[in-house]
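Everything on this sheet refers to the single structure shown next.
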Amino acid sequence: MRLPNDSDTERPRISLTWRAIALTSLLLLGIASVFTLISHDSLTEQFHQSRESIYQSRQREFQQVIARSNDTLTQLASLAAASDRLGAAVRANSPTRVTLAIDPVWPTLQLDVGVDEMRIFNDRGQVLAARGQPLPGDTPPFDGWTRQVMRKETPLSTLRCLQDCRQYTVVPVLAGGASVGVVVLSRSLADLTRYARSMAQSDVALLVAERYSAGLSGAAVTPPPTTASGAPGERYLAAWRGSLITLTHQDQNLPILRDAARQAPLSRLTEGPWNFAHRGRTYELAAVPMNDSAEFPSRGYLLLISDITEQVEAIRRDTRHSLTIALLGWLAAEGLLLLILWRPMARLRDLAVLLPRLAQRDFDGVQRSLARDKRHFTDEIDTLERTTLELAGQLESLEHAVSSRDQELTRRLAELSVERDFVSGLLDTARVLILTQDEQGRITLVNRFTETVTGYDVDALMGRRFAELFRHEHHGHERLSLPPQEHASQEEGELLTARRESRIIAWYHAPIPGQGQHAGTLISVGLDITERKRAEERLAWLAHRDPLTDLYNRRFFQDALERALTIDAQGAVLFLDLDQFKEVNELSGHNAGDQLLRLVARALAGELEDEAIIARLGGDEFSILLENADAHLACRVAERIVRVLEEIDFSTNGRRHRAVASIGIALYPEHGSSQIDLMAGADLAMYKAKENSSQRWHLLSTVVHSREELRQRVYWVERIRQALRENDFELVLQPIRRLTDDSIRHYEALLRMHGDNGALVMPGLFIPIAERSGQIVELDRWVLRESLGLLARLQRHGVSLAVNLSGQSLHDANLTEFLERTLVESGADPQRLILEVTETAAVTDFATARGVLQGIRDLGCQTALDDFGVGFSSFHYLGQLPADYIKIDGSFIQKLLDSPEDRLIVKAIADIANGFGKRTIAEFVDQARMLPLLEQYGITYAQGYYIGRPVPASEVLATWRRRGADEHD
């Protein structure tokens with residue numbers, strides 16, 4: 001063996017590392033870093049200056065737009081104030097004459113110009129007339145404005161922001177050359193966001209934020225808008241203490257603004273554009289103040305939201321290009337370094353070839369290869385060669401010791417590897433709880449998932465009794481001295497985690513074969529079934545409960561009534577219907593209606609407790625089952641219900657609503673022995689209660705005429721059931737004409753029943769009974785099946801069919817599934833099917849109707865709102881309901897030629913429907929003179945006896961077959 005001598009250690013050393021790094025790498029990397037940093041800072045500064053310039057320009061343009069809007073509003077107010085008729089009316093201080101003077105111009109100001117509110121004051125500041133809706137929560141100082149304008153005789157304009165931003169203009173009214181009062185007009189600036197978005201080419205939002213706290217200003221600050229549950233609305237930004245009035249692309253931009261509000265104060269946005277990152281993208285946010293009135297606690301801001309990810313990425317891309325160029329230069333220097341180190345690297349490669357030979361025990365060969373002449377200078381490679389020679393000598397001396405134990409270690413390593421892989425794979429990768437128990441039931445081993453689920457670490461679990469940690473619903477195994485295979489068992493148990501959470505675990509226990517200390521060991525595998533158990537409990541609850549009120553549903557009530565109708569049983573059924581519930585939905589919205597239903601349900605449950613079974617049948621209908629009750633007790637319960645409902649005080653949006661109900665009472669077995677008879681009797685008694693103004697409840701009488709009415713209802717219930725069973729219905733089709741080309745490729749399917757004498761029975765005789773008895777859903781399905789079969793034969797001629805759906809079908813959870821299956825079975829084109837629901841049914845339960853209509857449209861079908869215009873809130877819900885057609889109620893069309901009011905309503909409905917992209921259908925068209933007027937208003941279709949009377953479907957099929965044959969010839 002060759003060992004280093006003293007002369008080798010005294011030679012000077014020159015490191016290859018310092019030789020290369022000192023000449024190239026450090027210098028070039030430093031230059032590249034400085035160059036890239038300067039380039040990046042320059043590009044970033046230019047971009048920020050450009051965005052700041054754009055922001056200043058947009059701010060000036062927005063202020064000019066607000067000024068022009070204010071001038072326009074002032075001109076409109078001046079035109080209205082210049083009316084001689086108005087001036088004379090104000091001078092006479094006559095509210096009636098003032099109202100007559102402004103009524104002709106108010107629809108134009110509201111619909112065409114967008115004015116939200118108009119007020120007329122006399123010279124003493126008293127209101128003579130008002131139109132439109134004031135800003136909620138804001139009471140402007142009209143008295144001060146009136147005195148200022150009357151004193152200076154010049155218009156006054158201001159901008160106020162609370163829950164919305166509105167421009168106000170106050171203009172004097174002149175009469176005989178003197179100011180006798182003022183006209184006040186206001187208009188919302190929410191429409192400014194559309195112009196701002198087109199001008200700025202970015203998303204915009206209108207924010208109303210508090211200027212300072214209510215305690216400092218002394219003014220009442222309107223609280224943030226809240227939902228029905230009382231929580232702040234989703235558009236309220238707590239960090240900025242403001243609400244978003246309008247917001248483009250809300251689903252995308254609302255999370256961005258929430259994130260921005262948490263990161264920066266609103267004052268930062270008014271200073272200039274502010275950039276921040278959100279979900280991997282970069283956005284620029286700027287705020288333009290809308291008003292600066294110190295007297296008001298809120299201030300409006302126009303927010304500009306711009307996605308500048310592409311520009312920032314371009315700067316980064318340019319920086320990367322600069323860095324790449326610099327790195328290429330560095331690589332060139334590294335090439336030079338490679339040339340410098342070529343020879344030393346060759347020596348290293350030779351050494352790398354020799355080192356594996358040490359593992360092959362060729363120690364002599366390695367030593368001969370490294371025996372070289374001495375050099376004047378040594379470097380790291382020389383040191384490595386000497387170390388290799390020393391290593392070769394040491395390995396040679398240890399070879400014999402290693403080889404003697406090699407086989408033993410290899411065998412043991414293989415065994416440990418198998419055991420390690422098994423235990424690791426079994427315990428740590430399984431998503432189940434795995435543990436072992438000794439014969440005393442103490443835990444001896446747990447996997448990582450068990451620690452995660454229980455919340456205890458391994459130290460807290462080891463040695464603990466299994467029965468202490470898991471409470472068993474039933475014990476599936478016992479520790480007996482039986483063969484191990486007889487101990488396998490299954491059970492379910494409850495686990496209380498360290499976080500005090502209850503989890504349900506399904507366990508499987510099996511014995512592990514072993515001897516000595518491992519004898520009697522069990523392995524327990526647990527599966528967390530908590531979510532499955534909760535889902536099963538929730539489904540069981542929903543099967544019998546109404547999700548809105550938590551009362552029982554119709555199905556459970558009918559089953560309970562059937563069970564109660566046993567031999568010798570007596571009791572009473574109370575049918576309760578809320579009076580004027582439709583007005584609650586129309587005036588205050590469906591959320592208020594839902595809240596009132598929950599209050600009524602809570603009152604009924606609190607009053608009757610365990611005395612009765614209470615159910616919500618649907619809509620505003622409730623039913624109560626009193627078992628073992630006579631007529632006296634039933635009447636007493638009805639009186640209690642009337643009293644407890646009178647105590648409900650429900651106010652919303654400044655309106656008070658009363659919970660007034662009409663209650664019908666039917667007794668069994670006196671009034672019937674089946675649930676159909678009793679429900680029909682209670683329904684009849686409820687209508688009798690509505691007719692009686694002196695008493696809110698009515699007990700079904702046993703006089704002849706009442707029994708006759710009940711028999712008629714029962715007869716129609718059985719007749720409908722028989723007609724459904726024997727297919728004793730027929731469809732007739734009424735044509736609908738397209739006014740632009742007078743073509744008819746659109747029909748409405750109407751239902752008729754075959755009477756006992758062969759004549760057709762009109763639906764008005766049996767449809768109300770079907771709705772009350774719950775048969776209307778099955779009847780709707782019959783109509784859908786027949787209509788789709790008919791549509792499959794007509795669609796090749798380009799014909800579409802409209803089919804009516806009842807309000808109860810909107811609550812049928814399986815409607816969409818049934819419609820999808822029937823479409824496939826019939827082969828009908830869903831795009832040629834139009835499903836109609838009445839406006840009243842849609843608005844009464846708006847959330848359900850919207851979901852069902854959207855599900856129908858997702859199948860490819862079209863939807864229509866029937867009888868549109870009879871509700872008070874039609875326009876409010878028109879843009880939110882997914883409807884393709886709007887059928888204007890026939891009551892407006894019938895008086896179209898004689899009533900200017902009806903013409904104004906029809907034109908307004910048509911204009912708004914066209915604005916929402918919906919087609920309109922006019923019903924009850926019975927004169928040719930109506931058609932030019934309807935076409936002038938932009939009505940798309942016309943339907944009525946002038947267009948065509950309903951005819952059997954077979955005749956329509958025959959007509960289209962002949963027409964198809966003629967076209968083919």
Side-chain angles (χ1 to χ4, degrees), residues 52-80 109-110 112-119 132-136 138 140-142 145 148-149 154-171 182-211 235 240 242-248 253 257 266-267 269-273 284-306:
E52 179 66 26
S53 177
I54 293 174
Y55 166 73
Q56 296 296 336
S57 176
R58 290 175 180 172
Q59 186 177 23
R60 290 192 297 271
E61 292 175 354
F62 293 154
Q63 296 298 336
Q64 293 174 2
V65 169
I66 294 175
R68 288 197 297 270
S69 176
N70 183 68
D71 293 342
T72 302
L73 193 64
T74 302
Q75 293 174 2
L76 292 174
S78 299
L79 290 175
L109 293 174
Q110 183 185 34
D112 296 342
V113 185
V115 174
D116 293 316
E117 183 183 8
M118 181 177 184
R119 292 175 180 262
Q133 296 294 329
L135 186 63
D138 183 21
F142 291 115
W145 291 350
Q148 180 179 347
V149 172
T154 57
L156 181 146
S157 299
T158 184
L159 176 61
R160 297 175 65 86
C161 293
L162 190 59
Q163 292 185 4
D164 193 2
C165 280
R166 284 193 179 181
Q167 286 183 321
Y168 289 86
T169 184
V170 185
V171 176
V182 296
V183 174
V184 181
L185 296 184
S186 69
R187 178 167 59 185
S188 173
L189 288 184
D191 291 340
L192 179 63
T193 58
R194 291 196 297 268
Y195 174 80
R197 185 174 184 274
S198 61
M199 179 180 67
Q201 297 181 352
S202 59
D203 289 322
V204 296
L206 185 57
L207 173 73
V208 176
E210 300 176 16
R211 184 186 301 272
R235 287 192 176 189
W240 288 347
S243 299
L244 295 171
I245 306 305
T246 59
L247 176 61
T248 60
N253 291 324
L257 291 178
L266 188 60
S267 59
L269 274 61
T270 60
E271 297 173 358
E284 180 186 83
L285 191 60
V288 179
M290 303 292 293
N291 68 317
D292 195 19
S293 178
E295 66 180 11
F296 205 59
S298 298
R299 188 175 186 183
Y301 299 88
L302 185 65
L303 304 182
L304 306 178
I305 310 166
S306 302

**Report entry** Stepwise side chain to side chain contact (heavy atoms under 4.5 Å, CB included) test for S157 and T169
**Finding:** CA-CA 4 Å; S157 299; T169 184; 3.5 Å; yes

Query raised in the report: What's the verdict on side chain to side chain contact (heavy atoms under 4.5 Å, CB included) for L206 and L244, showing C-alpha distance, side-chain angles and the deciding distance?
Result: CA-CA 6 Å; L206 185 57; L244 295 171; over 6 Å; no

Query raised in the report: Could you walk me through whether E117 and R187 pass the salt bridge (Lys or Arg N to Asp or Glu O under 4.0 Å) check?
Result: CA-CA 7 Å; E117 183 183 8; R187 178 167 59 185; over 6 Å; no

Query raised in the report: Do Y301 and L266 pass the side chain to side chain contact (heavy atoms under 4.5 Å, CB included) test, and can you show the C-alpha distance, the side-chain angles, and the key distance before you say yes or no?
Result: CA-CA 9 Å; Y301 299 88; L266 188 60; 3.4 Å; yes

Query raised in the report: Given W240 and L303, is the side chain to side chain contact (heavy atoms under 4.5 Å, CB included) satisfied, shown in steps?
Result: CA-CA 12 Å; W240 288 347; L303 304 182; 4.0 Å; yes

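In this structure, a donor-acceptor pair under 3.5 Å is present between the side chains of T248 and D203. Side-chain contact check for S69 and Q167: at least one donor-acceptor pair (N or O, by modelled atom type) lies under 3.5 Å.
Counting heavy-atom neighbours within 6.0 Å of Q133 CD, excluding the residue itself, gives a total of 12 or less.
Judged by distance alone, the side chain of D116 and the main-chain N or O of S186 form no donor-acceptor pair under 3.5 Å. Judged by distance alone, the side chain of T74 and the main-chain N or O of N70 form a donor-acceptor pair under 3.5 Å. The closest donor-acceptor contact from the side chain of Q63 to the backbone of P289 lies under 3.5 Å.
Annotation: side chain of V208 is in contact with side chain of C161 (closest heavy-atom distance under 4.5 Å). A heavy-atom distance below 4.5 Å is not found between the side chains of L159 and R166. Within the 4.5 Å cutoff, the side chain of L247 has heavy atoms near those of the I305 side chain. Side-chain contact between V183 and L185: present, with at least one pair of heavy atoms (C-beta onward) separated by less than 4.5 Å. Using a 4.5 Å heavy-atom cutoff, the side chains of C165 and R160 are not in contact.
Shortest non-hydrogen contact noted between E271 and E52 is O-OE2, 4.4 Å. When all heavy atoms of L207 and G242 are compared, the pair lying nearest together is CD1-C, 3.7 Å.
Atom CG of residue L257 and atom CG of residue L285 lie 6.0 Å apart, to the nearest 0.5 angstrom. With rounding to the nearest 0.5 angstrom, the CG atom of L109 is 9.0 Å from the CG atom of L79.
Using bins of under 30°, 30° to 60° and over 60° for the plane-to-plane angle, the ring pair Y168/F142 lands in the perpendicular bin.
Shown here are the salt bridge (Lys or Arg N to Asp or Glu O under 4.0 Å) partners of E284, two or more places apart in sequence or in another chain: R51.
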